Number of protein chains: 2
Amino acid sequence: MKSSEVTCCTPVSDGLDERQALELADLLKVLADPARLRIVSMLAAAEGGEVCVCDMTEPLGLSQPTVSHHIKVLREAGFIVSEKRSKWVYHRLVPAQLEAVRGALVIGQLV
Amino acid sequence: MKSSEVTCCTPVSDGLDERQALELADLLKVLADPARLRIVSMLAAAEGGEVCVCDMTEPLGLSQPTVSHHIKVLREAGFIVSEKRSKWVYHRLVPAQLEAVRGALVIGQLV
DNA sequence: ATCAAACATTGATGAGCGTCGATGTATAGG
DNA sequence: CCTATACATCGACGCTCATCAATGTTTGAT
């Protein structure tokens, strides 16, 4: 449908281009999962800011491989960082990444 | 795995419960799509704040049924409202809903 | 009354992903 | 050396969902 001679609306600004929309959508997809939100939440609420997988499986009601999978997704998206110490791997939030997503959702930022 | 006598981390606060995590995840799922992000963006950038479907299919590069589907998803999630006038249906943003999502992503709000 | 445009609805299809069990790897302890 | 724990990886299953063509519905114009 090309632009007909009779437009129904005021001229459209394209807003976000495909690349920007894809990148933001990918970040939002990572957060758009109940398990991952709860993981982020547990890290945000943890004293010391650190939690390891073994202490998350039970409150999440998920298997260890599943929790490890979510941790990996969150880490690859930049929402958490992980550090192995002795037998355990400790995970902590990266607040800047969460803030980046919040900033991208400001209406003015959506062009 | 019950709580062993040797814990690796400081005590865990559960943070978001299942219901809260599910609700927030459902809202984020709606936004976690490039096409829907671009629709929101186009509405945010539109003069008069209104756009109808016929003016979105071409810039989005999607079929009319697909755009209608995304519009429906956005409306049912409260991100947009729609009003039929004569032959066309005009859609506009609900900024408060977008703000609600941004507010839920504040680290302090994640308990 | 007829035709065209705008939009919704309906299956159908294909890809992506959350989940698990099984297995592999590393670290600590006896 | 052997066992147990913490975690990662792999393969498979099942479900959700984005997309489309086809069709239905409403509205306006001729």
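Letters A, B, ... are given to chains in the order of the sequence lines, protein chains preceding strands, and every chain is numbered from 1. This one's a predicted model, so the numbers in the text were calculated from it and none came from an experiment.
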Asker: Take atom CE of A/M56 and atom P of C/dT19, then tell me their distance rounded to the nearest Å.
Answerer: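 Going from A/M56 (CE) to C/dT19 (P), I get 14 Å.
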Asker: Choosing from C/dT19, D/dT9, D/dT19, which nucleotide comes nearest the side chain of A/S68?
Answerer: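 Given the options C/dT19, D/dT9, D/dT19, the side chain of A/S68 is closest to D/dT9.
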Asker: Rounded to whole Å, please give me the gap between CD in B/E76 and P in C/dT9.
Answerer: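 Checked: the CD to P distance equals 9 Å.
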Asker: Within less than 4.0 Å of OP1 or OP2 of C/dG16, is there a side-chain N or O belonging to A/K29?
Answerer: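 For C/dG16, OP1/OP2 do not have a side-chain N/O of A/K29 under 4.0 Å.
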Asker: Using atom OH of B/Y90 as one end and atom P of C/dA6 as the other, report the distance to the nearest whole Å.
Answerer: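 Interatomic distance, OH of B/Y90 to P of C/dA6: 11 Å.
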Asker: Using a heavy-atom cut-off of under 4.0 Å over every strand shown, decide if B/H69 touches base, sugar-phosphate, or nothing.
Answerer: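 If one applies the 4.0 Å heavy-atom cut-off, B/H69 turns out to touch a base.
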Asker: Taking B/I39 as the starting point, is it possible to reach B/V94 by hopping between hydrophobic residues whose side chains are less than 4.5 Å apart?
Answerer: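 Per the 4.5 Å side-chain linkage, B/V94 and B/I39 are not co-clustered.
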Asker: Can you tell if the side chain of B/E18 reaches within under 4.5 Å of the side chain of A/P34, non-hydrogen atoms only?
Answerer: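 Counting from C-beta outward, B/E18 and A/P34 never come under 4.5 Å.
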Asker: So which one's nearest nucleotide on DNA chain C is more toward 5', A/S63 or A/R85?
Answerer: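 On the 5' side of the pair lies A/S63.
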Asker: Return the CZ to CG distance between A/R38 and B/L22, rounded to the nearest 0.5 Å.
Answerer: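 Those atoms lie 9.0 Å apart.
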Asker: Rounded to the nearest angstrom, tell me the gap between atom CD in B/E58 and atom P in C/dC7.
Answerer: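 About 14 Å, once rounded to whole Å.
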Asker: Any side-chain N or O of A/T66 under 4.0 Å from OP1/OP2 of C/dG18?
Answerer: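 No, because none of the side-chain N or O atoms of A/T66 sits under 4.0 Å from OP1 or OP2 of C/dG18.
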Asker: Using only heavy-atom distances, decide whether a donor-acceptor pair under 3.5 angstrom links the side-chain of B/Q64 to the base of C/dA8.
Answerer: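 Such a pair is found, so the answer is yes.
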Asker: Between D/dG28 atom C1' and B/K87 atom NZ, what is the distance in whole Å?
Answerer: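 Value for this atom pair: 6 Å.
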Asker: Remember a base hit wins even if backbone is also touched, and classify A/S86 as base, sugar-phosphate or nothing at under 4.0 Å, heavy atoms.
Answerer: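 Contact class for A/S86: sugar-phosphate only.
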Asker: Could you state the atom-to-atom distance from CG of B/D33 to P of D/dC17 in whole Å?
Answerer: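 Taking CG of B/D33 and P of D/dC17, I get 11 Å after rounding.
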Asker: Starting at CG of B/L60 and ending at P of D/dA18, how long is that distance when rounded to a whole Å?
Answerer: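 Result: 14 Å.
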Asker: Counting only heavy atoms not in B/R85, do more than 12 fall under 6.0 Å of its CZ?
Answerer: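 Yes, enclosed.
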Asker: Rounding to a whole Å, what distance do you find between B/E18:CD and C/dG18:C1'?
Answerer: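 One finds 15 Å between C1' of C/dG18 and CD of B/E18, rounded.
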Asker: Would you say A/R75 places a side-chain N or O within less than 4.0 Å of OP1 or OP2 belonging to D/dA8?
Answerer: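 A/R75 to D/dA8 OP1/OP2: side-chain N or O found under 4.0 Å.
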Asker: Please tell me which of A/P65 and A/K84 maps to the more 5' nucleotide of DNA chain C, matching each residue to the nucleotide holding its nearest heavy atom.
Answerer: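 First, find each residue's nearest nucleotide; the 5'-ward one identifies A/P65.
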Asker: Given side chains that start at C-beta, do those of A/H91 and A/E50 come closer than 4.5 Å, heavy atoms only?
Answerer: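 Heavy-atom side-chain distance check fails, nothing below 4.5 Å.
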Asker: Hey, does the side chain of B/R36 come within less than 4.0 Å of D/dT19's phosphate (OP1/OP2), counting only N and O?
Answerer: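 Negative; the distance criterion is not met.
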